[in-house]
Asker: 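Have a look at this one before I ask anything.
Each chain gets a letter, A, B and so on, in the order its sequence line appears, and its residues count up from 1.
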2 protein chains.
Amino acid sequence: MAAHPARGRSGGRPTLEEVAARAGVGRGTVSRVINGSPRVSEATRTAVEAAVAELGYVPNTAARALAANRTDAIALVVPEPETRFFAEPYFSDVLRGVGAELSETEMQLLLIFAGSDQRRQRLAQYLAAHRVDGVLLVSVHADDPLPDLLSQLEIPAVISGRRSADEPLPSVDSDNFAGACSAVEHLLSRGRTSIATITGRLDVYGAQRRLDGYRAALRDAGRPVDERMIVPGDFTEEGGRRAMRELLETRPGLDAVFAGSDVMAAGARQALREAGRRIPDDVALVGFDDSAIARHMDPPLTSVRQPIEEMGRAMIDLLLAEIADSRPFAARRLERRQLVLPTRLVERASS
Amino acid sequence: MAAHPARGRSGGRPTLEEVAARAGVGRGTVSRVINGSPRVSEATRTAVEAAVAELGYVPNTAARALAANRTDAIALVVPEPETRFFAEPYFSDVLRGVGAELSETEMQLLLIFAGSDQRRQRLAQYLAAHRVDGVLLVSVHADDPLPDLLSQLEIPAVISGRRSADEPLPSVDSDNFAGACSAVEHLLSRGRTSIATITGRLDVYGAQRRLDGYRAALRDAGRPVDERMIVPGDFTEEGGRRAMRELLETRPGLDAVFAGSDVMAAGARQALREAGRRIPDDVALVGFDDSAIARHMDPPLTSVRQPIEEMGRAMIDLLLAEIADSRPFAARRLERRQLVLPTRLVERASS
DNA sequence: ATCACTTGTGGGAGCGCTCCCACACTACCT
DNA sequence: AGGTAGTGTGGGAGCGCTCCCACAAGTGAT
């Protein structure tokens, strides 16, 4: 027995050393097998694998993290309170894509909310301790200090959406401009002549671009843009409802609304119903995101589809590449670090 | 310069050793200060704290985990697909409570989905590697092997709800039986005479207890229990809708429904509306959970309030105590490890 | 003065890995 | 025969902590 009486360790998990002894090889060799190094002979590999199986060996992640200076974990940082996270289908869709892509790797995903100052404080601590190899940042507002903190700490990061046209960080975005254009063009082609829009928070670049697209489509069609037809929302259902009420008051003659998100469209629908307007007979309604609520709305909502799940997957791919690049002796830096995925209009009964 | 040229470590974070040198003390002393040991003189503590601040020292969690055999992280395990997680307000409420309670500690929360076989496989690996100090298990079905795996691995765990009356694991539950009783009594007191119930999945103990409460309340009031008035749902909106349709077909004369969850009540409401029944005029409706949808329903839903957020907090308290107990030289084992919190009927317009 | 505690402190040993140097062994050219 | 690669392998050193033993210095009873 050891002189040091195994300080109360429960279970007594086997170590690399023990696997090596069992397989009759050295520690280094076992490590190579575990990590899939090609420089191991077939016979040795088989022997080691047998020993691993017999002993039920599972690597100690803390030791590995300490020695190799990596954690095999990445964080999905949501700079919003939990409530928003759950209310917004966008997040769950991203999470699904991220989870799917990640399940093919050994990486672990942490979900971190940074919706309050206290939470942000804790997150900063967490990042400073380098407890994750990389960060996925979703829903970032223009003035958010988080991206800068990350580059300062030299932590690989990818953001969903951009903060501006020339986002310095690697990012994955959808073509918000083109998507908005297609929505408005669709409404025009249906003979609508008085088209309003409810925007998202304009400190989110994507919301800004959707508004730009709305303007451009009208302009291209030779229609004047009435500024009173543009009302800001905040991506929430309540915000959509408020915006719609305002529109009905100032521009009661409108015959179509392009909402900057499905959730806001749902709010707008309530306000329209309250006011006795029928959809699409009196007012056509188009959303953005094509999330689950669009399909389940009554009537089903025409919406601009963003491939959110695919975006989640792409973010992971980019991030993993970033992480690989950040390690010593990385092959070469990536070139295309900004991805913009196409959108597509899905027509349903609301327009 | 070191002979070993600092293998590409980015940032070059300060170590305990460097802090010690700066403060003119030994490593042990710095460690004691960091960990809040009382056996340090005031003067030394101040000096060390100054050095920590000057150097911007942040402990290396991997090293700490390796040396102390703990991770300072706990996992919230959801044995459901993400979709269910987002569709069910119960989870977000638990998460909110857990997050709130945890934000007062240094513990990190991981959210892990174990909804598919592949995911469960990965989770098992993860747990075997002891990457968390403890586990919170929500929404466990009677035959789930996860709890046994956890006790086998000797990982402290707390479950929300119980699997049976004599749950071996520490658990936090609400008084489902009494809650269901109060709902039915309320309907009876409102003069309803023909009360149906839509149950949750009966392999969830809580759903079973709600059904027991429904039966007991009717019995206590001297009313016979009509088995055709009991229809199983599955906690989903769609399930509630289906169950309600069935009830309307087999028992068209009913004048009240007690649904085993708010989400199912929302589904039932849709079916009632389709059938042209008015709420509460024709049929009174009562839900369970008192989640956000109860308040937002039209009409607002009478519901049995479970203090879900408080339950989340209690789970954390229990789990932290369990973890403390599992460490060597723990003071004493806990006694009360099963917590049952009271429920309360919240009356609204639906009944 | 001696002994027995108590309080504060320094630093060795060790946690379980990865990294990398050294070395044996084999091939295949000159 | 002597080079010159390449291929597998063993194991030392070290990652940055915590734990704990040893010990100095102070305090009070005998």
Side-chain angles (χ1 to χ4, degrees), chain A residues 2-21 23-48 52 55 57-72 129-131 327-329, chain B residues 2-21 23-48 52 55 57-72 129-131 327-329:
Chain A
H4 212 71
R7 325 185 194 129
R9 317 213 42 260
S10 62
R13 301 202 280 136
T15 69
L16 243 206
E17 191 95 45
E18 293 171 66
V19 174
V25 300
R27 257 179 23 255
T29 303
V30 177
S31 176
R32 273 178 288 252
V33 172
I34 301 291
N35 295 292
S37 156
R39 322 186 77 63
V40 182
S41 73
E42 203 46 55
T44 315
R45 161 165 286 119
T46 315
V48 171
V52 166
L55 265 39
Y57 171 76
V58 179
N60 179 319
T61 26
R64 177 177 278 176
L66 178 58
N69 198 36
R70 64 197 165 85
T71 63
D72 293 328
H130 284 261
R131 290 187 68 163
R327 313 257 207 235
F329 313 118
Chain B
H4 212 72
R7 327 187 193 127
R9 316 213 46 260
S10 61
R13 300 202 279 138
T15 68
L16 243 206
E17 191 95 45
E18 294 170 61
V19 174
V25 300
R27 257 180 23 255
T29 303
V30 177
S31 176
R32 272 177 288 253
V33 172
I34 300 292
N35 293 291
S37 156
R39 322 185 76 63
V40 181
S41 73
E42 203 46 56
T44 313
R45 160 164 286 117
T46 315
V48 170
V52 166
L55 263 38
Y57 171 74
V58 180
N60 179 319
T61 27
R64 177 177 278 177
L66 178 58
N69 198 35
R70 62 195 166 86
T71 63
D72 293 329
H130 285 260
R131 289 187 70 164
R327 311 252 208 240
F329 314 117

Asker: For Leu55(A) and dG16(C), what is the distance between atoms CG and C1' respectively, to the nearest whole Å?
Answerer: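 To the nearest whole Å, that distance equals 15 Å.
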Asker: Taking the side chain as C-beta and beyond, is there a heavy-atom pair between Arg27(A) and Val30(A) under 4.5 Å?
Answerer: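 Side-chain contact under 4.5 Å: no.
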Asker: Identify the heavy atoms of Ile34(A) and Leu16(A) that sit nearest to each other, and give their distance.
Answerer: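 So the minimum-distance heavy-atom pair works out to CG1-CD2, 4.5 Å.
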Asker: Rounded off to whole Å, could you give me the CD-to-P distance for the Glu17(B) and dC15(D) pair?
Answerer: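 Nearest whole value for this atom pair: 10 Å.
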Asker: Within this structure, what is the CG-CG distance for the pair Asn69(A) and Asn60(B), rounded to the nearest 0.5 Å?
Answerer: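 Taking CG in Asn69(A) and CG in Asn60(B), the distance rounds to 7.5 Å.
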Asker: Using a 4.0 Å heavy-atom cut-off, does Thr44(B) contact any base of the nucleic acid, only the sugar-phosphate backbone, or nothing at all?
Answerer: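 Sugar-phosphate, no base atom in range.
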Asker: Could you identify which residues of residues 26-41 of chain A place a heavy atom less than 4.0 Å from some atom of DNA chain C, listed by residue number, or say none?
Answerer: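 Residues of residues 26-41 of chain A under 4.0 Å from DNA chain C: Arg27(A), Ser31(A), Arg32(A), Asn35(A).
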Asker: Whole Å only: how far is the CZ atom of Arg45(A) from the P atom of dG8(D)?
Answerer: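 Rounding to the nearest Å, CZ of Arg45(A) and P of dG8(D) are 10 Å apart.
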Asker: Rounded to the Å, how far apart are Leu66(A) CG and dC19(C) P?
Answerer: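 About 12 Å, once rounded to whole Å.
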Asker: Between dT18(C) atom C1' and Asn69(A) atom CG, what is the distance in whole Å?
Answerer: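 Atom CG in Asn69(A) sits about 11 Å away from atom C1' in dT18(C).
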Asker: Could you tell me if the side chain of Arg64(B) sits less than 4.5 Å from the side chain of Asn35(B), heavy atoms only?
Answerer: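 Yes, at least one pair of side-chain atoms sits under 4.5 Å.
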Asker: Which heavy atom of Arg32(B) sits nearest to which heavy atom of Arg39(B), and what is that distance?
Answerer: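 What the structure gives for the nearest pair is CD-O, 4.2 Å.
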Asker: I need the minimum non-hydrogen distance between Thr61(A) and Ala129(B), along with the two atoms involved.
Answerer: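 Between these two residues, the closest heavy atoms are OG1-O, 4.1 Å.
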Asker: Would you kindly give the CZ-to-P distance between Arg70(A) and dC19(C), to the nearest whole Å?
Answerer: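 These atoms are roughly 7 Å apart.
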Asker: What is the distance, rounded to the nearest whole Å, between atom CZ of Arg64(A) and atom P of dC17(C)?
Answerer: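 Taking atom P of dC17(C) as the reference, CZ of Arg64(A) is at 8 Å.
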Asker: In whole angstrom, give the distance that lies between atom CG of Leu16(B) and atom P of dG10(C).
Answerer: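 After rounding, the reported distance stands at 13 Å.
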